[in-house]
Structures are given as structure tokens and as C-alpha cells.
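Notes follow once the structure below has been shown.
Chain letters run A, B, ... following the sequence lines, proteins first and then strands; every chain starts at 1. Both backbone and side-chain heavy atoms feed into the values below; hydrogens, waters and symmetry mates do not.
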2 protein chains.
Amino acid sequence: MTSSKKQPAIILVRPQLGENIGKAARAMLNFGLTEMRLVAPRDGWPNPAAGPAASGADIILDEAKVYVTVEDAVADCGHVYAATVRDRDMPKPVVTPREMAAQLHAQLGQDAKPAIMFGPERSGLTNDDVVLADTVLTVPVNPGFGSLNLAQAVILAAYEFHTYADATPAYQPASDDRLATKEELLGLMEHMETELDKRGYFRSEDRRDPLRRTLRNLVQNAAYNRQEVHTMRGIIKSLARSPKVDN
Amino acid sequence: MTSSKKQPAIILVRPQLGENIGKAARAMLNFGLTEMRLVAPRDGWPNPAAGPAASGADIILDEAKVYVTVEDAVADCGHVYAATVRDRDMPKPVVTPREMAAQLHAQLGQDAKPAIMFGPERSGLTNDDVVLADTVLTVPVNPGFGSLNLAQAVILAAYEFHTYADATPAYQPASDDRLATKEELLGLMEHMETELDKRGYFRSEDRRDPLRRTLRNLVQNAAYNRQEVHTMRGIIKSLARSPKVDN
């Protein structure tokens, strides 16, 4: 998990439903963000509806700090982002979550903590809230249906922050997953051809070569690993047997 | 909005709560995805709890198609992604939502529709579900807290699909190169299993399921095109015959 010094604070401004605070906490912890700040939660704090919705991310709720005003909540922060859907016509740069993630990572070496503010469910941040931010964060949603749920907005921000740092190497197949050698593939091809030949698959001599090429391409293109070649040979062996009478 | 021909289907497999189906619909529409498929929703369909949670994305719910089995739901699909949290130890490539988005955009020129499957809230997809997929989708979450809510998983996939903006022209396979549909692959799998079963391939009942998964992964991973499925069925049919006496 990202250490708390090295991550932005998530500030929920006047959140309405405890359930949404819990879901936001879960979304944060999914991507390693642990510092939640609450400004004047409508139903007070703690809120009994938050815990169940957090589905195990209770530590985020337990350690959440509560503030009376947005000014208090951002007092110790450096760069602050304000998440908004609507265009605010304010002279501030607007970034996507991905651009924000890059900026945040560049800012983490600085002393003052960066933060991302999210407004109340129904109305979003007011212009007075947004004024306190350095940069506006806007998720590029479907222009015909832009109403992002609070926890959904939080998870997209957290996801982009987390993904930016993620240097996970791509999928590495295990060793016995290794691609079959050509020798193993040829063994399979010949086994298949022999059994097919016994059953008249090739029909006539002038069809034999093109059909054999088709079969070999089929085996080749499947990109079998060693284990899969083994399984294929078992299948051919089994199919070449006579059916059981009682089946 | 992305036209429905140019987007993946979102398949919710055995979803439990109507509320979560509604939230998934909202998440889809936020990013312009409109084709929802439901496999055996626990509480039937329609579900009165879905509408309010969709917050205006009712059109997605109204047009959702309901299926009895995962096989039915993916029958007309080409490339299918299975969203999982746990490592399934299956021989399939694993991608992040971002890698999936790039692949999906490259696949949209093809005939068969791509799809992304999500499992039930509590348990996720079963191994039998995952076997039907070409690729595993895993969101790179905090390893200490990986429980992603259903709608959150859907929104991350939809967001990445929507956000992807690479102008690279995709590889366009020739028309009869097109990937076999799941229905064609299932036909091949069942044909193979039936003939093998007649010959005692599965040996004992407790080996049947794991062996069947191995076979299905083998067929699935070969990424057959339509013509190759046809060839494979010819091979099985031929091998299942008795050898000619004079050969």
C-alpha cells in the first residue's frame, strides 16, 4: 500500500448519505488510499450506515478526520483538485483523472499534501468550494449521461492514481506453460495424420498434400504449450479407440 | 455515445441484488455502454430495486437481455473477457482494464461481438464460467484489500473502454479469418467430449469436471477461426470412425 505520506487526501465535502461515505472508503482502500477527510457530513459523524457499506474498509472510516469548513480541511494541503461535472467557467486548468494522476505523482515529493475534493451527492461542489482548488478535475463521461455517483467518482480518481504507479510486469507464463518445441508439434502432427490416414481422411492422393498443410497450420496456429500437446495426443489416442459397447 | 455495434456487451453472471444491477447500468451509461446481458439473476427479472439505483439509466435495464446459462449469453460473442480477482491458475492471458480497452478497440471491426463477464457479488465467476472466456481481466487493486464492488468493477472497465483513444489502425483480419463465435466453439467442445466419453476418456466421475475444463481451455486457447473449427470437427468425426481394414 502507498504510505500515507505519499498519497493525496480524499476530501468529501458535505456528504449526505453515510452509505456513500462507506462506499467511498472502500473505493479508496481498493487502490491503497487511506486518508479521508469529511467536511460537515450532513448526518453527523460517525454514521452507522457507513461501516456496512465500507465492506471491511473500516480503518479508513475510523481514521477519517472531520472538519467544519472546506477552508479548514485544505489548510495543510498543497495542490488541491476539485472534482466537478459541470463547466464552472473559472480561470483554472481542467484535467482528466489520468492527467491528475501524473501531476500528483510529480507533487508527492513536495512537503504539502495534495488533495482531491468531491462535492455532495445531489449538487456537487459550490463555486465557493471550487475557488479554493488549484485545478478542476473532470471525468470524461458520456455527455448525454454525466451523473457520476460519489463513490464512482472517487474510485476513478483512486484507480488512476494507483495505476500510474503500478509497474506490474505483464503476465508471465509459468515454466511448464512454455511453448511446445517444433519436435513436439511434429510428433503431434504425425500422430494425428497417421490415425486420420487409417480412416481414409485424405481420400485421394492429390488431396493429401493440401489437407496435410491445413492440419499442420491448425496445430501450428494453436500455439500449444507442452502440456497442451500432451493433452491433444491423449485425445487422439482416445478417439482412435473403439467406443465402449455399454455407452 | 458509442453505437451498440461498436462496443462490448457487459454480461452480469448470476447477479444477486437488483440494486447492483441498477448501479452497473448507471456505470455503463456513464461511459456510453448500452448492451447489458443478465445470466440467471438471482431474484428474477425485472427487479424493482434496479430502476431507482440506475438513477436515470433505465434504458439499459429496459433493453437488457436475460439468459439462462453463460453459454447462451456468450453464444454470439467473439472475444470474451472474464473479470476475476483471484488468480485462477488457468492457462489464459491476463490483462488490465487498460490493456483490455486497447484489445477491444482493435476487435471492434470484427463480426462477432466482444463481451466482458462479471460474476456474482459474493463469490465471483466460477472456474466453469472462466473457461468460456478467452482472456482474464484483473484490475490491479491493492493486494491487501481486493474486494471490488460489482458496479465499481463495471465502471472501471467501461471507463477504460471510453477513455481509450489510440488512433492506430487496428489489424483487420480477412473476413473468413474471423474468430469463431462461442457457439461454434461450444459445438466443437461438446462434439469432442461426446466422442471421448463414448471411449471412456473421463474414466471416473470425479475426474470428469477437471478434465472437461482442461479440454475446454485447450479449445478456447487455440483461438480457432471459423474454418479451423470446421476442420477440427472433421478430424474428430474421422477419428471416431473405425480404421479401414486394408490400411
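For chain A, no part of B/Val95 is nearby; none of its heavy atoms comes within less than 4.5 Å. For B/Ile235, the parts lying near chain A are the backbone and the side chain together; criterion is any non-hydrogen pair under 4.5 Å. Only the side chain of B/Thr214 comes within contact range of chain A, with heavy atoms under 4.5 Å apart. Both the backbone and the side chain of B/Tyr201 come within contact range of chain A, judged by heavy atoms closer than 4.5 Å. With a 4.5 angstrom heavy-atom cutoff, A/Ala158 does not touch chain B via any of its atoms. If you measure heavy-atom distances from B/Ala57 to chain A, the contacts under 4.5 Å come from both the backbone and the side chain.
Interatomic distance, CZ of B/Arg199 versus NZ of A/Lys237, reported as 15.0 Å (0.5 Å rounding). Atoms CD and CZ, from B/Glu195 and A/Arg241 in turn, are 13.5 Å apart once rounded to the nearest 0.5 Å. For the atom pair CZ of A/Arg26 and CG of B/Asn149, the computed distance is 5.0 Å after rounding to the nearest 0.5 Å. Here A/Ile155 contributes atom CD1 and B/Leu156 contributes atom CG; the two are 5.0 Å apart, rounded to the nearest 0.5 Å. The OG1 atom of A/Thr163 sits 7.0 Å away from atom CD of B/Glu160, with the distance rounded to the nearest 0.5 Å.
Heavy atoms only, all atoms of each residue included: A/Met232 and B/Leu218 are closest at SD-CD2, 3.5 Å. The two residues B/Gln152 and A/Ala27 have their closest heavy-atom pair at NE2-CB, 3.7 Å. Of all heavy-atom pairs between A/Phe145 and B/Asn30, the closest is O-ND2, 3.1 Å. Minimum heavy-atom separation, B/Phe31 to A/Pro140: CE2-O, 3.7 Å. The two residues A/Ser147 and B/Ser55 have their closest heavy-atom pair at OG-O, 4.3 Å.
In A/Leu186, the CG atom is crowded: over 12 heavy atoms of neighbouring residues, nucleotides or ligands sit closer than 6.0 Å.
Top candidate by heavy-atom pairs under 4.5 Å with chain B, chosen from A/Val139, A/Leu215, A/Thr96, A/Leu148, is A/Leu148.
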